[in-house]
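The sequence lines fix the lettering, A, B, ..., with proteins before strands; numbering per chain opens at 1.
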2 protein chains.
Amino acid sequence: MELTKRKKEILKIVVESYIDTAEPMGSKAVVEKMSGKISSATVRNELADLTEMGYLEQPHTSAGRIPSPKGYRLYVNELMERRTLSAEETAEINRTLSDRMSGMDEVIARAGQMVSSFVGYPTYAVADHTGASTARRFELLGVEDSGVIAVVMLSDDRVKSRLLQPELPVSASQLPELSHLLNTHFTGIGASEMNARLMNLSDQVQGNWFLLLNQVVEYAAALVRESERQQVFTDGASQLLRFPEYRDVDKAHDLMRFMSESKSALPVPADGAPVQILIGPENVNDALKESSVIVASYDIGDHMRGLVGVVGPTRMDYAAVAARLSYFAESLSAMFGRKNQLPPKEEKE
Amino acid sequence: MELTKRKKEILKIVVESYIDTAEPMGSKAVVEKMSGKISSATVRNELADLTEMGYLEQPHTSAGRIPSPKGYRLYVNELMERRTLSAEETAEINRTLSDRMSGMDEVIARAGQMVSSFVGYPTYAVADHTGASTARRFELLGVEDSGVIAVVMLSDDRVKSRLLQPELPVSASQLPELSHLLNTHFTGIGASEMNARLMNLSDQVQGNWFLLLNQVVEYAAALVRESERQQVFTDGASQLLRFPEYRDVDKAHDLMRFMSESKSALPVPADGAPVQILIGPENVNDALKESSVIVASYDIGDHMRGLVGVVGPTRMDYAAVAARLSYFAESLSAMFGRKNQLPPKEEKE
DNA sequence: TTTTAGCACTCTGGGGAATGGAGTGCTAAA
DNA sequence: TTTAGCACTCCATTCCCCAGAGTGCTAAAA
C-alpha cells in the first residue's frame, strides 16, 4: 500500500494532536483540523490504512488512533517542521549561557540544569572523554601557614587544585624541586602506574617529601580515575510528573531511578550526528522502551565531548526540544569547543 | 488530663506502627502489640484520651488512629529509642566516605548523594558560609602553548583553578609580576570592588596585561559571587515516590519542585543543634507542612559549614534517619572540620 | 474508680451493574 | 473514490450495595 500525500498529512495531524493532548484522535477531529475538505468516513478509511501499515495504533477497538513508534519515526524524519527559535528564545538561552560558566566540568553539570529548565523535560548530562586522561603538569604552591596547594593540569585541559595539609612540614623552598619530581615521574600515565612509581620512590626521597608526594599523587590519581568513570548528572526529574503517561507512580519511579542510578546505560549519540532522537522501543534499555530520548553532543576543550540528553514520553515535542537542544549544543561548542574563543558577550540584566 | 505511663506506651506503639505501615491503627492491634495485658475497650478509652489531648488523630470516625504532629513531636522528644548504628552500618558509611572525597565543595554535593542513598529518602545539601568569602591568593602559571593557569585561593580555603586563553600573548616571564599585581590589588575584597579596581588599573598597565587581568579578575569575582549565592544540591528525589503518601502525583510533584527550585527556603538547623527534626507544620514553608525534615550540619574547613537535610513523610523513620545522619555529620566533621586531620583510612575493595 | 463485655452505629473501600458517549467498520449508494 | 448511514464495541463514569473494621457508649464487673 502506498503512503500517499494525504495519508502523510493525516498522520502529521494525528501525531501533533497527540503530542499536544495525549488523547487518542478520532476521525471527526481530523476532519476539523483539515478544515472540512473531506468527510469523516474517508478519514476513517485512511486511518484504517495507516493502522494496517503500522504507523498508528488503537488503544482499543472503539477509541481513536495514537501514533506508533514507527509513526513517530516517520514524523520525525519527514513530516516534522524543523523549528527555528525565535529571537526571544535565543536571547534567553544566550543570557543563561553567558551568565556564569566557569571551569569545563562545571559546564557539564550546568548544561543539564539549563537544558532541563529550558525544555521542560528531565535531562541527563555526561562527559564523554576521548581516551583516558592523564596528568600533564604538576605545580605545588606554598601558602603561609604551611599548607600546600597542589595544582594538577590534566591531558584533557582540565585544571584542578586543592589545598593539602602535609603531615610533616616541607619548606616552601623545596616545592619547586618537588614539582619537578612530579612532572618528570607522574605525567602521562594512568592511576595504577602512578601508584607503582610512587612505591619506587619511597626510599629514594626523604620521609616528609614522600608523605607530601603521596598526597599529591593520590589526588592526581583520583582525578584521573574520575575522568575514566563516567559521571552522570540528572536534572529536573520532577518534570516527568507533569505528563499523564507518568501519573502511574510506579512508571515514574522506575524511570527516575533508572536515570539517577544507571549511569552509563543512558544513550549517547552515534558519531557525527549532532542530535539524535530515540523513540520508544528504539532505545536499547528496557527502562526507556516506553519513553523517548533526544540527545545532543557538544565540544568542550580539545579532548572532550559533553552530552546532554532529554528524556520524556514518546509523544514528547520532538520539534521544539530538538530545536532548543541543538541550539544549546551549538552555543556550547562555540563557547568551549575551540581554544581562543570567548563566550558571546551579552548584557547582564 | 494526665499523660500516664500507659498512655505513652500506647502512643509509642501507634507511632511506630504507623511509621512502619502507613495504616491507621485500631484498638485491637494495639492490644496485640501489648501482648494482651489489657482489653481492647480499655485501649479504646486511652486512645480517646490521647486523641482529645491532641496526640492522635482519626482520619474519619470509624478508622483507627494515626499520630498527629504533636504526637510525633512527643515521640521524637521522649519516646523514641535513640538508635546506634551497628558495626556493619558504620563500616559501610566509612567505606562510602573514604572512597573518594576531593575538594571541599565536592564534599557538599557528594554528602547529599551519599546520605540519600544511605537513608533512602530524598536529601538536599547546602554550603553555609560564615561571612562572604574573598580571594586570598592569586597565582598565574604559564603552560607551553601560551595558555595560562589561574589559581585562586579563597578566604574559605577553597582553591580553584582554571585554564585561560589570553586574547593577546603574555610572556611567561611576566606572570610572576602579574601575580604580584593581583595579590596586592585584588585580595580581601568583594566582587564589585574587584571590578572597580580593575577599571582603575585599565590605563596603568599594558593592553595585553589588562586583558589577562580582566579574565582572571572576572573568574575570581565569579567564584566570590558563587559562594555568596547559596547553592543547593538535591538528590534522590525519586525516593519520594516509594511512599504511599506521595502516590498522589501532584503532592509529589509539588514537593520535588520545591526542593529543586526554591533554593534557600529549605530549613537549616538552629545554631548549636547537631541534628534538628522538623515535623509537618513545624516547617515554616507551606510546601513542607505535610512532610518532615531532618537536617544536620557538619564542619568543613574553618570558615564553612555544610548542611544535609533529609525530607520525607511525617511518618518518616526518625530514629533510624537521625542516627545515620548524625553519624554522617560527625564523620564528615572529623574528616574535613579541622586542618591537619586526615580521612580515616579504609581499605578500598 | 477502673476495667471489661456487649452492642449499635458510622464510615470506607471494593465489587458489580447500568448507562452514555465516542468512535469504529462495513455496506450501499453517489 | 468518496460519502452517508447504521449497527456495534468498548470504555469511563456513576450509582448502589455490602462487608469489614473500628468506634463510642452503657452497664456490669473488679
Side-chain angles (χ1 to χ4, degrees), chain A residues 1-11 13-15 17-18 20-68 71 244-245 247-248, chain B residues 1-11 13-15 17-18 20-68 71 244-245 247-248:
Chain A
M1 197 175 324
E2 210 197 342
L3 196 56
T4 62
K5 199 173 155 199
R6 191 171 68 186
K7 282 195 173 58
K8 286 186 185 175
E9 191 186 347
I10 292 176
L11 179 59
I13 286 171
V14 174
V15 171
S17 156
Y18 190 68
D20 196 39
T21 65
E23 298 284 331
M25 192 179 206
S27 52
K28 280 184 80 171
V30 173
V31 171
E32 250 166 60
K33 279 275 173 190
M34 297 184 77
S35 48
K37 291 176 301 200
I38 214 173
S39 84
S40 71
T42 312
V43 173
R44 272 203 293 285
N45 287 330
E46 297 285 53
L47 289 176
D49 289 352
L50 284 165
T51 308
E52 197 184 332
M53 294 162 86
Y55 295 109
L56 294 177
E57 285 172 357
Q58 256 176 316
H60 51 87
T61 26
S62 81
R65 302 303 207 289
I66 64 174
S68 70
E245 24 276 277
R247 307 234 28 129
D248 177 349
Chain B
M1 195 178 321
E2 210 198 343
L3 197 56
T4 63
K5 198 173 156 198
R6 192 172 66 186
K7 282 193 174 57
K8 287 185 184 175
E9 191 186 348
I10 292 176
L11 179 58
I13 287 172
V14 174
V15 172
S17 155
Y18 190 69
D20 197 39
T21 65
E23 298 283 329
M25 191 179 207
S27 52
K28 280 184 81 172
V30 173
V31 171
E32 248 167 61
K33 279 276 172 187
M34 298 185 76
S35 49
K37 293 176 296 199
I38 215 173
S39 85
S40 71
T42 313
V43 172
R44 273 203 293 284
N45 288 329
E46 298 285 53
L47 289 178
D49 290 351
L50 284 166
T51 308
E52 196 184 334
M53 295 162 83
Y55 295 108
L56 294 178
E57 285 172 358
Q58 256 177 317
H60 51 87
T61 25
S62 80
R65 300 306 206 289
I66 63 174
S68 71
E245 25 275 278
R247 303 223 46 115
D248 177 350

Quickly work out the B:Glu23 CD to C:dT12 P distance and round it to whole Å. 15 Å
How would you list, by chain and number, every residue that makes a side-chain contact (heavy atoms from CB on, under 4.5 Å) with B:Ala48, sequence neighbours excluded? B:Arg65
Taking only residues at least two apart or on different chains, which pairs with a member in residues 27-41 of chain A satisfy salt bridge (charged side-chain N to carboxylate O under 4.0 Å, His left out)? A:Glu9-A:Lys37
Is there a side-chain contact between A:Ile10 and A:Met34 in this structure, where contact means two heavy atoms from C-beta onward sitting under 4.5 Å apart? yes
Let me see the working for A:Ile38 and A:Glu46 under side chain to side chain contact (heavy atoms under 4.5 Å, CB included), right down to the final yes or no. CA-CA 11 Å; A:Ile38 214 173; A:Glu46 297 285 53; 5.7 Å; no
A:Glu2 atom CD is separated from D:dT1 atom C1', nearest whole Å, by 15 Å
Can you sort out the partners of A:Ala63 under side-chain contact (heavy atoms from CB on, under 4.5 Å), two or more places apart, ordered by chain and number? A:Pro59, A:His60
Expected rows: protein N/O vs nucleotides 28-30 of chain C N/O, under 3.5 Å:
none

Please list, chain by chain and in numerical order, all residues satisfying side chain to side chain donor-acceptor pair (under 3.5 Å) with A:Thr42, sequence neighbours excluded. A:Ser39
Contact summary for B:Met1 and B:Glu52, nearest pair of heavy atoms: CE-OE1, 3.8 Å
From NZ of B:Lys37 across to C1' of C:dT2 the rounded distance in Å is 17 Å
Which residues share a side-chain contact (heavy atoms from CB on, under 4.5 Å) with A:Thr61, sequence neighbours left out: none
Sequence neighbours excluded, which residues qualify as salt bridge (Lys or Arg N to Asp or Glu O under 4.0 Å) partners of A:Glu245? A:Arg315
Separation of C:dT3 C1' from B:Ile10 CD1 (nearest whole Å): 13 Å
Footprint string (nucleotides 9-27 of chain D, 5' to 3'): B base within contact, S backbone only, - free, heavy atoms under 4.0 Å: BBS---------BSBB---
Ignoring backbone atoms, test whether A:Ser39 places a side-chain nitrogen or oxygen under 4.0 Å from the OP1 or OP2 oxygen of D:dT3. yes
Nucleotide pairing, DNA chain C (Watson-Crick or G-U, distances under 3.5 Å), in dot-bracket with [ ] and |: ||||||||||||||||||||||||||||||
When you compare the side chain of B:Val14 with that of B:Leu50, does any pair of heavy atoms fall below 4.5 Å? no
For atom CE of B:Met1 and atom C1' of C:dT1, their distance in whole Å: 15 Å
Residues forming a side-chain contact (heavy atoms from CB on, under 4.5 Å) with B:Glu57, sequence neighbours excluded: B:Ile66, B:Ser68, B:Pro69
